[in-house]
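Following: one structure in structure tokens, then a few remarks.
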Amino acid sequence: MQALRERSAATHRQFLSLRRFLTPRTVFLHLDAGDCVLALQAAQYVERVYAVNPAEAALGRRRLPVNLRAVFAGPGGFGVQAGSVHVAYTETLASGRLKEMARCLAAGGTYLFHPQRIHTARRLRDELLQAGFSAVRFPAFFAVFPRRELIAAVR
């Protein structure tokens, strides 16, 4: 029971950090959506949500809102129309999926993630620019206080 409360609190904190990027006209993509709690919260604020690779158990337990679509990624990609997503999010950098992430983002769309300890600003910037993003925005003092704030890669 305690673990469930802690998970809910953590998901709520994630959502609060994302909410400033969301509007009623936003199309939001959550890669590796897991239990879909974050995607369900976002569905209350945005036009459409793609929950990519949700847990099967999460889909069977609840009725999904009409603006939330569960999508299962395969070797060919996410199955999301190119240029249709405004904000995409993963908890950590999805290195193997960066080109697909850039492809599904609309012009000016943003991919948000939390960095891991192994990432440096230079390495992240190079990797994201090579994948097709046009800019990378780091939180202030990335090198000193690294791992709490979201990094934004813009298409």
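Any value given below was found using the heavy atoms of this structure, including those in side chains, with hydrogens, waters and symmetry copies removed.
With sequence neighbours excluded, no residue forms a side-chain hydrogen bond (donor to acceptor under 3.5 Å, both in side chains) with Ser17. Looking at residues two or more places apart in sequence or on another chain, you find no salt bridge (Lys or Arg N to Asp or Glu O under 4.0 Å) involving Arg125. With sequence neighbours excluded, the residues satisfying side chain to side chain contact (heavy atoms under 4.5 Å, CB included) with Thr92 are Gln116. Taking Ala94 as the reference, Leu31, Thr90, Arg97, Tyr111 meet the side chain to side chain contact (heavy atoms under 4.5 Å, CB included) condition, with sequence neighbours excluded. Residues satisfying the side chain to side chain contact (heavy atoms under 4.5 Å, CB included) criterion with Ala43, sequence neighbours excluded, are Val49, Pro65, Asn67, Leu68. Residues that satisfy the side chain to side chain contact (heavy atoms under 4.5 Å, CB included) test with Arg123, not counting sequence neighbours, are Ile118, His119, Thr120, Glu127.
The two atoms that bring Pro54 and Ala51 nearest to each other are CD-O, 3.4 Å, heavy atoms only. Of all the heavy atoms in Met101 and Leu29, the pair that sits closest is SD-CD2, 4.1 Å. Closest of all the heavy-atom pairs between Ala131 and Ala102 is O-CB, 3.7 Å.
Side-chain contact between Asn53 and Phe72: present, with at least one pair of heavy atoms (C-beta onward) separated by less than 4.5 Å. Within the 4.5 Å cutoff, the side chain of Leu150 has heavy atoms near those of the His114 side chain. You'll find the side chain of Glu91 stays beyond 4.5 Å of the side chain of Asp32, heavy atoms only. At least one side-chain heavy atom of Leu128 sits under 4.5 Å from a side-chain heavy atom of Leu93.
Sequence neighbours left out, the pairs with a member in residues 102-115 that pass salt bridge (charged side-chain N to carboxylate O under 4.0 Å, His left out) are Glu100-Arg103. Residue pairs satisfying the ring pair (Phe, Tyr, Trp, His ring centres under 6.0 Å) criterion with at least one member in residues 15-38, sequence neighbours excluded, are listed as follows: Phe15-Tyr45, His30-Tyr89.
Atom OG1 of Thr110 and atom CZ of Arg137 lie 7.5 Å apart (nearest 0.5 Å). From Gln14, atom CD reaches atom CG of Leu112 across 11.5 Å, with rounding to the nearest 0.5 Å.
Hydrophobic cluster membership is shared by Phe138 and Phe113, with clusters built from Ile, Leu, Val, Met, Phe, Trp and Tyr side chains linked at under 4.5 angstrom. Under the 4.5 Å side-chain heavy-atom criterion for grouping Ile, Leu, Val, Met, Phe, Trp and Tyr, Leu98 is connected to Tyr50 within one hydrophobic cluster.
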Review item, side-chain donor-acceptor pairs of residues 75-88, under 3.5 Å, at least two apart:
| unit_1 | atom_1 | unit_2 | atom_2 | d |
| --- | --- | --- | --- | --- |
| Ser84 | OG | Gln81 | O | 2.6 |
| His86 | ND1 | Val27 | N | 2.9 |

